[in-house]
Amino acid sequence: MIVRLDQVSRQTVGRFTLKLCISVLIASLGKAGYAGTSTWLGLYAVFAAVVAVILGQRFPTKSFNHWDEALWLVAAALGIQVIQKAFL
């Protein structure tokens, strides 16, 4: 099944991927190792939500926007915390 995303959705997915990679990179440089990844993802989620409020975006739209990105970032941060608690 081929999914075709519009320009706005592709940009949103790209921003999410970039923020995820940057969070892992920044956390790997710290003393705590990858434990700080969820913190960085949480901060990015807050910033994405603030941008969504400033731009006046609504949550259910035809394409992905900053609200979707904030939810994905929160889900990734919580997922990383659950994995860390399960295995560390």
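Numbers here simply count residues along the sequence, with the first being 1.
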[X] side chain vs [Y] backbone, donor-acceptor pair below 3.5 Å:
| X | Y | result |
| --- | --- | --- |
| Trp40 | Ile26 | no |
| Glu69 | Ala45 | no |
| Asn65 | Gln57 | no |

[atom1]/[X] to [atom2]/[Y] distance, rounded to the nearest 0.5 angstrom?
| X | Y | atom1 | atom2 | result |
| --- | --- | --- | --- | --- |
| Thr37 | Ile83 | OG1 | CD1 | 11.0 Å |
| Asp68 | Ser9 | CG | OG | 8.0 Å |
| Arg15 | Leu20 | CZ | CG | 14.5 Å |
| Lys19 | Leu43 | NZ | CG | 11.0 Å |
| Leu71 | His66 | CG | NE2 | 13.0 Å |
| Ile80 | Ser23 | CD1 | OG | 7.5 Å |

For the student: nearest non-hydrogen atoms of Leu5 and Phe64, plus distance: CD2-CE1, 4.2 Å
Minimum-distance pair of heavy atoms, taken over all atoms of Ala77 and Gly42: CB-N, 4.2 Å
Test of ring centre spacing under 6.0 Å for Phe16 and Trp72: yes
In one Ile/Leu/Val/Met/Phe/Trp/Tyr side-chain cluster, 4.5 Å: Phe59, Val53: yes
Linked, directly or transitively: Leu18 and Tyr44 (ILVMFWY side chains, under 4.5 Å): yes
